[in-house]
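To keep things clear, I will list the structure first and then write my remarks on it.
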Amino acid sequence: MSDEWEATHRVTDAMQRAFVAASGDANPLHTDPIVARRLPFGRVAVHGVHLALDALDRLAAHQQQPPEQVRCTFRRSVGIDDELTTRITMVSDREARIVVEHDVWRVADLHVRLAPSDAAPGHDDRDGDETDVGRTAADVTIDVPVEVPVDELAGAAGSIDVRADLDTLRDRFPDLVDVAGPQRAAELLSLTRLVGMHVPGLHSLFSSFTVTFRHDDGVDRLHYAVERFDERFAKATIAVSGRSLAGELVAFVRPRPITPAIGDAHPEPDEFAGQRWLVVGGSRGLGATTALLVAAGGGEVRLTYRVGADDADQLAMSIGATAHRLDVTRPGPGVVALTADGWQPTHLAYFASPPIFDGAPGSYSTRLEQRFRTIYVDGFEAVFAHLDVARLRGVLWPSSEAVDHDVSGLAEYAAVKRLGEERCAALGREHEHVLVSTPRLPRLRTDQTASFLPVDYDDAPTTLLAALRAFSG
């Protein structure tokens, strides 16, 4: 048997849905694409514990020894159908290191200490059929995630049932259940529900866990207590103990979605009068703020969205605008629909954006570069080409100060923004009657840029109003 082996695999949508049903962790981050798009990752994320159990199952298939201790750190989120590589290295007979990667990025690290080879198998002292866990998906209740106030996290304590769909566990992680036993597997599975649904709950992000397995002590629930809460980083350290494991979890309270507003930035009532603005990507973030500012200044707005029709319609209704679905990768049908009544924009503001902070320090992904280019450059040019350019007077294509600075983890983003500036300059030369503006915006607080760490942000409405005023007069 080799001391190192690896496997390439994916978590499919069917696997994700089965994991939700088996674990009871239905946090919107993992289940609702509309909610997830307004969170820092920008799309539905695979459960970290799902990846950890998959890695432990792959280890159990090669090493028929139950885990004695597992230390796991989740380093970044991955989406459904992302290609993953799990690499397992046996450091010694009883020690394994596991790395889960996606593209050039490390997703999770596990350090596993196995029980001695002469130790009893990892099955529970009670027969597996007598564990206090559900045996079908119908036995696993899907709770509503709790929204624990930050000022109540320190010292929060309680317990949850250990519930799991054993049929799914055995089907999805057969070697782990066989080697470690259903109770241990179920308690590991329950960690995701503890964090995602209870503490911190709705606004949680699971960062790491360290658990040690022990013999059955008769405890029939998973008990937890928040030992420390660091308000500077919104970081909770949680002690946990169950029938077969005890240890510590670390989770963060992730930033909450931001409601677009113009704050103290107040355009003159007729500042944008006579202007017709098409705001692409205008249902949230900087695009939504731009739509609000133009409307407040007397301009006419049509905004677009790719997903999240309800949010887009609500915003449009609040400013007397209309919302239209538009996929910038094939914008023809969407542009035809939104201009079917003869309406054509005098100004285009282009805010379509994939998740920005997908890069990692010290790495460069050509795949990520292409993803950015598809939206920021190819998509923009395609939308521009489908408009009546003769009636256009201005284009706002926001660039970023990241172009000027070596910002950690933003190398691909900065490269594509630089390319976009060049393409915009070329369009301006080709169409001299169109003012094409590519302001390098500072970091502004949006759902995408929100951080756990203390970060200085410029005021988004004020910054955007200054950019819009370049088209007035």
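Just so you know, these numbers use all the heavy atoms, side chains as well, and skip hydrogens, waters and symmetry mates. Residue numbers start at 1 and run along the sequence shown.
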Would one find more than 12 heavy atoms of other residues, nucleotides or ligands at under 6.0 Å from atom CD of E227?
yes
Answer yes when D311 and R37 have at least one side-chain N-carboxylate O distance shorter than 4.0 Å, and no when they do not.
yes
Using the side chain to side chain contact (heavy atoms under 4.5 Å, CB included) rule, take W105 and V78 through it: C-alpha gap first, then chi angles, then the decisive distance, then the call.
CA-CA 10 Å; W105 308 298; V78 295; over 6 Å; no
Non-hydrogen atoms of A55 and I88 that approach each other most closely:
O-CD1, 4.1 Å
Would you say C424 and V395 make side-chain contact, with heavy atoms under 4.5 Å?
no
Going through the checks in order, is the side chain to side chain contact (heavy atoms under 4.5 Å, CB included) test met by R76 and V107?
CA-CA 5 Å; R76 64 181 295 117; V107 173; 4.1 Å; yes
A side-chain contact here means heavy atoms from C-beta on lying under 4.5 Å apart; do L222 and V240 qualify?
yes
So do Y350 and I375 actually touch side chain to side chain, heavy atoms under 4.5 Å?
yes
Got a sec, which pairs hit side chain to side chain donor-acceptor pair (under 3.5 Å) with one end in residues 387-396, sequence neighbours left out?
none
Using 0.5 Å steps for rounding, measure from the CE atom of M197 to the CG atom of D25.
6.0 Å
Do Q370 and T366 have a side chain donor and acceptor closer than 3.5 Å?
no
Step-by-step side chain to side chain contact (heavy atoms under 4.5 Å, CB included) determination, I356 to T446
CA-CA 11 Å; I356 293 172; T446 68; over 6 Å; no
Any donor-acceptor pair under 3.5 Å linking the side-chain atoms of D458 with those of T463?
no
Quick one: does V99's side chain get under 4.5 Å of T85's, heavy atoms only?
no
Would you give the length of the straight line joining atom CZ of R325 to atom CG of L338, rounded to the nearest 0.5 angstrom?
13.0 Å
Do D161 and S190 make a side-chain contact, defined as non-hydrogen atoms from C-beta onward lying under 4.5 Å apart?
no
Nearest heavy-atom approach of L189 to A22 is CD2-O, 3.6 Å
Side chain to side chain donor-acceptor pair (under 3.5 Å) contacts touching residues 422-435 (sequence neighbours left out):
E381-R423
Taking every non-hydrogen atom, the tightest pair across P257 and D447
CA-OD1, 3.3 Å
Compare all side-chain heavy atoms of E147 with those of R256 and state whether any distance is below 4.5 angstrom.
yes
In terms of side-chain geometry, is the basic nitrogen of D109 or R71 positioned less than 4.0 Å from the acidic oxygen of its partner?
no
Do D341 and R302 meet the salt-bridge criterion of a basic N to acidic O distance under 4.0 Å?
yes
Set of ring-ring contact (aromatic ring centres under 6.0 Å, His included) partners for H347, sequence neighbours left out
W277, F471
Salt bridge (charged side-chain N to carboxylate O under 4.0 Å, His left out) partners of E300, counting only residues at least two apart:
none
When you measure from the side chain of R254 to the backbone N and O of L202, does any donor-acceptor pair fall under 3.5 Å?
yes
Looking at D270 and A273, would you say the former's side chain and the latter's main chain have a donor-acceptor pair under 3.5 Å?
no
Distance-minimising heavy-atom pair for I262 and H266:
CD1-ND1, 3.9 Å
CG on D151 to CZ on F229, rounded to 0.5 Å:
9.5 Å
Between CG on residue L368 and CZ on residue R373, distance to nearest 0.5 Å:
14.0 Å
Under 3.5 Å donor-acceptor, Q16 side chain and H30 backbone:
yes
Salt-bridged, R469 to E271, with N to O below 4.0 Å?
yes
The reported gap from CZ in F206 to CG in L29 (rounded to nearest 0.5 angstrom) is 13.0 Å
D57 vs D54, test: side chain to side chain contact (heavy atoms under 4.5 Å, CB included). Steps then yes/no.
CA-CA 5 Å; D57 184 64; D54 180 87; 5.6 Å; no
Non-hydrogen atoms of T192 and S23 that approach each other most closely
CG2-CB, 3.8 Å
Working to the nearest 0.5 angstrom, can you tell me the gap between F252 CZ and S204 OG?
12.0 Å
Could you check whether any side-chain N or O of T304 sits under 3.5 Å from a backbone N or O of G281, counting only pairs where one atom can act as donor and the other as acceptor?
yes
Looking at R440 and E401, is there a salt bridge between them, counting it only when a charged N and a carboxylate O are closer than 4.0 Å?
no
Which residue pairs satisfy the ring pair (Phe, Tyr, Trp, His ring centres under 6.0 Å) criterion with at least one member in residues 290-315, sequence neighbours excluded?
none
Would you call D82-R10 a salt bridge at under 4.0 Å N-O?
no
Do V328 and F380 come within less than 4.5 Å of each other through their side chains, counting heavy atoms only?
no
If only atom types and distance count, is the side chain of H102 paired as donor or acceptor with the main-chain N or O of E83 below 3.5 Å?
yes
Just by distance, no angles: are the side chains of T86 and H9 close enough, under 3.5 Å, to form a donor-acceptor pair?
yes
Give the ring-plane orientation class for F173 versus H50, where under 30° counts as parallel, over 60° as perpendicular and anything between as tilted.
perpendicular
For Y413, which residues count as a ring-ring contact (aromatic ring centres under 6.0 Å, His included) partner, sequence neighbours excluded?
F372, Y376
Hey, does the side chain of R276 reach the backbone of Q344 with a donor-acceptor pair shorter than 3.5 angstrom?
yes
L292 and P260, any side-chain heavy atoms less than 4.5 Å apart
yes
Candidate list E421, K417, R418, test side-chain hydrogen bond (donor to acceptor under 3.5 Å, both in side chains), partner S399, passing option:
E421
Note: A402 and L410 closest approach over all heavy atoms is CB-CD1, 4.2 Å
